[in-house]
Amino acid sequence: MTKRRVGIIIGVLIIIIIVIGFIIYFNNRIVVDNSGFTLKDDLTVNVYNEVRVSDFIKDMEGEIVEDKSIETKELGEKEIQFIYLNKDKKKRIGTFKVEVKDLEEPLIWLSNSYSVRVGEEVDLESEILCADNYDSNPTCTIKGDYDLNTVGNYPLVYEAVDSSGNMESVDFTLYVYEPRTVTGGGSSDEIVYTDFSDILALHKTNDTLVGIDVSKWQGAIDFSKVKEAGASFVMIRVGSQNGVGGEYILDPYFKRNIEKALENDLLVGIYFYSYADSMKEAKKQAEWVVEQIKDYKITLPVAFDFECYSSFNNMNLSLYQLNEVAENYFKVLEDNGYETVLYGSKNYLNAIWKYNKNKVWLAHYTDETDYDKDYMMWQLCQDGMIEGINGFVDINVLYK
């Protein structure tokens with residue numbers, strides 16, 4: 001066989017292979033085809049909401065191959081592509097567009113009244129919590145006239161507007177009062193408190209532990225008596241931040257508390273009182289916490305305790321960004337092998353921490369909580385009394 005004939009045969013084979021390849025490609029390629037489904041009428045989604053492709057499909061003759069989640073962190077129009085099987089079981093690409101919008105009104109943390117002592121220098125628009133889920137600086141104004149130097153009752157309106165035009169307003173009465181001097185009358189020596197033994201009897205089961213949380217405010221604690229009283233664990237404050245942007249201060253009783261608690265075989269968790277106003281600040285705080293606790297046996301979570309809501313208006317944070325701040329704190333600790341938990345009261349957990357996905361340490365001072373989300377620990381009172389502590393202490397129930 002001549003070289004020329006070999007070349008011709010090879011050329012023909014190559015052409016055949018190419019033709020077969022094209023046939024296979026065109027028979028198996030996934031084409032855009034929107035005929036196999038119909039969309040719902042409303043293709044808008046609230047920012048930060050968790051949605052999937054299926055949430056926007058009204059009817060489909062086949063089935064979605066991958067019901068992927070849709071990113072909703074930024075406002076605006078988004079084009080979505082997904083793969084589905086049509087009625088003939090052939091893969092097709094479906095496309096549609098959704099509009100991500102901020103549909104929520106700002107949050108104003110205010111009841112129908114607010115009281116200020118006459119002559120007190122206070123900026124009401126800064127003191128009263130005004131926040132938005134998306135905007136870091138919603139426009140917050142108080143409408144009406146008032147005089148903090150004159151005693152009286154002032155009917156006012158607090159109004160908040162975000163950049164998407166969502167508005168919230170609260171009618172309230174500002175009470176500017178003169179402090180009263182109480183004279184005469186009798187006094188009672190009766191102290192109302194919650195006995196640790198009563199909580200133990202009510203809440204200790206095979207699936208729960210009962211314990212306390214402590215800081216410098218409990219002074220020098222006799223942990224052997226705490227253990228004898230039936231406590232199984234203690235959450236210990238490692239320290240706090242001295243205001244927004246302030247230094248980190250080690251709790252003066254931290255070293256004593258953790259060493260004595262461990263000596264008495266109590267399970268130990270940690271909390272840090274934070275004023276973090278950025279992810280960078282939260283990261284620094286978590287690294288500082290790790291440095292303080294790394295030499296101790298920590299078997300319970302390390303908590304993020306953020307309660308400085310009177311400073312929030314000046315932090316330039318949206319509610320979503322605040323949740324990201326906490327997540328950054330958690331990440332550093334988890335990367336160092338610690339379990340983490342978010343501390344918060346029932347109302348703040350519902351309104352401020354609604355984007356939280358971490359475990360929760362619930363503070364709700366009641367006999368029976370109606371908090372309807374998951375929580376791993378419940379701080380049920382702040383007026384607890386237990387042997388070994390001279391004064392009140394918070395009592396907690398930990399769910400295994």
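Owing to the predicted nature of the structure, the values given are computational and were not obtained by experimental measurement. Residue numbers run from 1 in the order of the sequence given.
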- Item | Neighbour count above 12 (heavy atom, 6.0 Å) for Tyr114 OH | yes
- Message: If you count every heavy atom of other residues, nucleotides or ligands that lies below 6.0 Å from Asp145 atom CG, does the total exceed 12?
- Response: no
- Message: Counting neighbours of CD on Glu74 that are heavy atoms of other residues, nucleotides or ligands and sit closer than 6.0 Å, is the number greater than 12?
- Response: no
- Query: Does Tyr273 have its ring centroid less than 6.0 Å away from the ring centroid of Phe306?
  - Reply: no
- Query: Does any N or O in the side chain of Glu125 come within less than 3.5 Å of the main-chain N or O of Thr141, such that one atom is a donor and the other an acceptor?
  - Reply: no
- Taking the side chain from Asp135 and the backbone from Ser163, do they hold a donor-acceptor pair closer than 3.5 Å? yes
- Got a sec: does the NZ of Lys227 have more than 12 other heavy atoms crowding it under 6.0 Å? yes
- Message: With a sphere of 6.0 Å drawn around CD of Glu387, does it hold more than 12 non-hydrogen atoms of other residues, nucleotides or ligands?
- Response: no
- Check whether the side chains of Ser126 and Asn313 place a donor and an acceptor atom closer than 3.5 Å, and report yes or no. no
- Message: Exactly one of Val234, Leu209, Ile298, Leu262 should register a side chain to side chain contact (heavy atoms under 4.5 Å, CB included) with Leu267. Which one does?
- Response: Leu209
- Heavy-atom donor-acceptor pair, Asn323 side chain to Leu319 backbone, under 3.5 Å: yes
- Task: Go through the side-chain N and O atoms of Asp213 and Gln379 and say whether any donor and acceptor fall under 3.5 Å apart.
- Result: yes
- Message: Could you tell me if Asn358 and Thr340 have a donor-acceptor pair between their side chains, going purely by distance under 3.5 Å?
- Response: yes
- Message: Looking at Asp367, I'd like to know if its CG atom is crowded, meaning that more than 12 non-hydrogen atoms belonging to other residues, nucleotides or ligands lie closer than 6.0 Å.
- Response: no
- Check the side chains of Glu61 and Asn86 for a donor-acceptor pair under 3.5 angstrom, ignoring hydrogens and angles. no
- Message: Whether the side chain of Asp59 engages the backbone of Phe37 through a donor-acceptor N/O pair (distance < 3.5 Å, no angle test) should be reported.
- Response: no
- Message: Could you check whether atom NZ of Lys204 has more than 12 heavy atoms from other residues, nucleotides or ligands sitting under 6.0 Å from it?
- Response: yes
- Has the side chain of Ser215 got a donor or acceptor atom that lies under 3.5 Å from a matching backbone atom of Arg237? no
- Note on the structure: From the list Phe304, Tyr271, Tyr338, ring pair (Phe, Tyr, Trp, His ring centres under 6.0 Å) with Tyr329 holds only for Phe304
- Query: Short question: side chain of Lys357, backbone of Glu327 - any donor-acceptor pair under 3.5 Å?
  - Reply: no
- Message: Tell me whether Lys400 at atom NZ has more than 12 heavy atoms from other residues, nucleotides or ligands lying less than 6.0 Å away.
- Response: yes
- Query: Counting only N and O atoms by type, is there a donor-acceptor contact under 3.5 Å from the side chain of Thr72 to the main-chain atoms of Val47?
  - Reply: no
- Task: Taking atom types as modelled, find out whether Ser35 and Asp33 have a side-chain donor-acceptor pair closer than 3.5 angstrom.
- Result: yes
- Is a side-chain N or O of Asp67 found less than 3.5 angstrom from the main chain of Ser54, in a donor-acceptor match? yes
- Hey, does the side chain of Asp162 reach the backbone of Asn166 with a donor-acceptor pair shorter than 3.5 angstrom? yes
- Message: Is it true that Trp109 and Asn347 share a donor-acceptor pair across their side chains at a distance under 3.5 Å?
- Response: no
- Among Asp372, Thr366, Asp370, find the one that has a side chain to side chain donor-acceptor pair (under 3.5 Å) with Lys346. Asp370
- Is the backbone of Thr95 close enough, under 3.5 Å, to the side chain of Asn34 for a donor and an acceptor to pair up by distance? yes
- Task: First locate atom CG of Asn257, then atom CE of Met235, and finally report the distance between them rounded to the nearest 0.5 Å.
- Result: 13.0 Å
- Task: Would you please say whether a donor-acceptor pair under 3.5 Å links the side chains of Glu247 and Gln241?
- Result: no
